[in-house]
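Report on the structure given below.
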Number of protein chains: 2
Amino acid sequence: MSILVVGSVAFDTVETPFGAVEDALGGSAIYFSAAASYFAPVRIVAVVGEDFSKQKLDFLTKRKVDLRGLEVRKGKTFRWGGRYDYDLNSRTTLFTHLNVFENFAPAIPKEYRDSEFIFLANIAPELQMEVLQQIRSPKLVALDTMNYWIDRSLPALFETLRAVNVLIINDSEARQLAQEANLVKAAKKIMAMGPQVLIIKKGEHGALMFMSESFFWAPAYPLESIYDPTGAGDTFAGGFIGYLAKSRNLSPDNYKCALIVGSAMASFCVERFSVERLQDLTTEEIRQRFLGFWHMTHFDQNSGF
Amino acid sequence: MSILVVGSVAFDTVETPFGAVEDALGGSAIYFSAAASYFAPVRIVAVVGEDFSKQKLDFLTKRKVDLRGLEVRKGKTFRWGGRYDYDLNSRTTLFTHLNVFENFAPAIPKEYRDSEFIFLANIAPELQMEVLQQIRSPKLVALDTMNYWIDRSLPALFETLRAVNVLIINDSEARQLAQEANLVKAAKKIMAMGPQVLIIKKGEHGALMFMSESFFWAPAYPLESIYDPTGAGDTFAGGFIGYLAKSRNLSPDNYKCALIVGSAMASFCVERFSVERLQDLTTEEIRQRFLGFWHMTHFDQNSGF
């Protein structure tokens, strides 16, 4: 039940109406493994610069996150700066310094090649494909991508999509990829491109999951205080894939539970800046949040008409 | 289990990317009673002009909708024109001719005064209050309002809010009424104004319901073809209150089912222009759509961690 994530490690500088952080730990591989490691051991492939202190990741190694694939290269770590408006839905990127991430060429350590659950975070589709070719026999491959790659690398993205099981994107990316405004029609077009499961994230409005025979909808947890939405999508993916890896059950019903677990983990993520809230959750806290989702969606299907 | 609705009857001229209708039957009282009449007898208080033919409402009288409170006044019927963009979320009002609706002074017929379930559709809060004072002993009073009244008649709205059980508004109205961007905090402030139940409609993103001890969420049904969102909110209210009136059960659990029934009825409404889709639904169709909501939200709360 080993999980592999290939993605970014970053220093994020974030402003929201509720505060600001500078050079806080971030990046898709970090958020993903912070969430997934509550469920199963995680292996990271990513790159940092010489300015990165691995001690920052002690909370991950304590939870059996394997950092042997974290390459240290000459130069600086990837830095991103952004600002969120009062409604926390619209975000402005203030700067993107790719630094060592610019020439990231993920090398999968030999001892990672038997990984079974793979998350290809948002990197160039060509690199995502190269990673996949190095994995012996994955049980499940999930992919994230973004408008940048849909604009610039569509043929490579199409090729990669044919090789994955699960695609996790947001609603505007889904509309753009399918060139279709209606999400139900867009989902059909995207699933014809390869993935058997499509998850469309809608931020504070929850997430929709399309499977071959059914669809499912998870709400976002209504929170009084949302401090920082950064990383919520990768945290969602971490909870989703972590839960599937732990339960080793790829039935549609279990995918539904995984979607809720992912949503629960994302709801913790946004309660604090950076990965703060994801450092020392208890199983009981996670289970209570999961049950919170149940209470807010459960109704009696036998109620009379 | 008699239901009373006080609201508008209108001729709507609507353009969407999927077609257009001119002078089609509309108005809050019409959409509401079209939906509620599948569950319990409905009484309408509204006003039309001399240009209105009551034959248009034959589909309602067939379902025991009582039109004795539909006043015919000298002049023209209320007319509204609007256009929806491709995403169907943003709507532009092209014209509003209030006509006879401008001086609507709802007179509640004597034989309506024992009504138990009351829906005060979007009219001036002063009029809503006058209506309420004419009802002998309502079991449940639900209210709709809009930004127009929040801007212009806030003191009267506050007074009316103290007298109602359920407030049904959309997310931007909730934020404006509470002067609070976070919906959870906004809900608390609004419930302190009077209503024990607050429903916040979010269009294609579903609806949130806040009760004193809990909250609940209903998704919107993912449809491949949404033709016309006009009237979806009043149709939702009709399903919600109709179901409560039929089941005569005001427990929190039954409110949850009602929220789903309302969402199911709204999902039919938007499938066609005007009230077309609401004219001849079968109980089985409604029940199947209700079960569709169950399948798209149900998961096993006992799944292991």
Side-chain angles (χ1 to χ4, degrees), chain A residues 17 38-39 85-88 175 181-185 187-188 200 202-206 208-210 214-226 243 246-247 249 253-261 283-284 286-287 290-305, chain B residues 17 38-39 85-88 175 181-185 187-188 200 202-206 208-210 214-226 243 246-247 249 253-261 283-284 286-287 290-305:
Chain A
Y38 283 100
F39 303 94
D85 290 336
Y86 198 62
D87 74 354
L88 295 174
R175 289 187 167 109
N182 179 283
L183 282 184
V184 182
K185 285 184 189 164
K188 284 189 180 170
I200 298 179
K202 309 207 298 170
E204 62 160 340
H205 304 301
L208 269 168
M209 179 169 64
F210 294 88
S214 61
F215 49 78
F216 188 68
W217 199 337
Y221 198 77
L223 293 168
E224 277 200 49
S225 302
I226 300 176
Y243 179 82
K246 180 175 187 188
S247 55
N249 172 351
D253 277 351
N254 207 50
Y255 266 109
K256 293 177 181 179
C257 289
L259 195 80
I260 299 293
V261 172
T283 306
E284 187 52 25
I286 299 171
R287 173 144 187 85
F290 176 85
L291 286 176
F293 276 83
W294 189 81
H295 285 293
M296 69 179 282
T297 58
H298 176 70
F299 62 94
D300 178 12
Q301 87 271 32
N302 296 313
S303 61
F305 272 84
Chain B
Y38 284 100
F39 303 94
D85 290 336
Y86 198 60
D87 74 354
L88 295 175
R175 290 186 166 109
N182 179 285
L183 281 185
V184 182
K185 285 184 189 165
K188 283 189 182 173
I200 298 179
K202 309 207 296 173
E204 62 161 339
H205 305 301
L208 272 167
M209 178 169 64
F210 294 88
S214 62
F215 48 78
F216 189 67
W217 171 83
Y221 199 78
L223 293 166
E224 276 199 50
S225 301
I226 300 177
Y243 178 82
K246 180 177 186 187
S247 56
N249 172 350
D253 276 352
N254 207 50
Y255 266 108
K256 294 177 181 179
C257 289
L259 195 80
I260 299 294
V261 172
T283 306
E284 187 52 25
I286 298 172
R287 174 146 186 84
F290 176 85
L291 286 175
F293 276 83
W294 189 81
H295 284 293
M296 69 181 279
T297 57
H298 175 71
F299 63 94
D300 178 11
Q301 87 271 33
N302 297 312
S303 62
F305 272 84

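Here is the naming used below: chain letters follow the sequence lines, and residue numbers restart at 1 for every chain. These numbers were taken from a predicted model, which means no experiment stands behind them.
Counting heavy atoms from C-beta outward, A/Phe39 and A/Ile286 have side chains that approach closer than 4.5 Å.
Residue B/Ser247: no heavy atom, backbone or side chain, is found under 4.5 Å from chain A. With a 4.5 angstrom heavy-atom cutoff, B/Leu208 touches chain A only via side-chain atoms. Only the side chain of B/Thr283 comes within less than 4.5 Å of a heavy atom in chain A; its backbone stays farther off. With a threshold of 4.5 angstrom between heavy atoms, A/Ser303 approaches chain B through its backbone and through its side chain. For a residue to count as touching a neighbouring chain, one of its non-hydrogen atoms must lie under 4.5 Å from one of that chain's; by this rule A/Asn182 touches chain B with the side chain only. Both the backbone and the side chain of B/Ala220 have a heavy atom closer than 4.5 Å to some heavy atom of chain A. With a threshold of 4.5 angstrom between heavy atoms, A/Tyr221 approaches chain B through side-chain atoms but not through N, CA, C or O.
Atom-to-atom distance recorded for A/Trp217:CH2 and A/Phe210:CZ is 8.5 Å, nearest 0.5 angstrom. Between atom CD1 of residue A/Ile200 and atom NE2 of residue A/His205 there is a gap of 14.0 Å, rounded to the nearest 0.5 Å.
Taking A/Ser225, A/Pro222, A/Pro219, A/Pro17 one by one and counting their heavy-atom pairs under 4.5 Å with chain B, the maximum is reached by A/Pro219. Here A/Arg287 is the residue among A/Arg175, A/Arg287, A/Glu204 with the most heavy-atom pairs under 4.5 Å with chain B. Counting heavy-atom pairs closer than 4.5 Å to chain A, the top-ranked of the candidates B/Ile226, B/Leu183, B/Leu223 is B/Leu223.
The closest donor-acceptor contact from the side chain of B/Asn254 to the backbone of B/Asn249 lies under 3.5 Å.
In this structure, the side chain to side chain contact (heavy atoms under 4.5 Å, CB included) partners of B/Ile260, at least two apart in sequence or on a different chain, are A/Phe299, B/Phe216, B/Ala218, B/Phe290, B/Phe293.
Classified by interplanar angle (parallel below 30°, tilted 30° to 60°, perpendicular above 60°), the ring pair A/His298/B/His298 is tilted.
The salt bridge (charged side-chain N to carboxylate O under 4.0 Å, His left out) contacts involving residues 214-226 of chain B comprise A/Lys188-B/Glu224, where partners must be two or more places apart or lie in separate chains.
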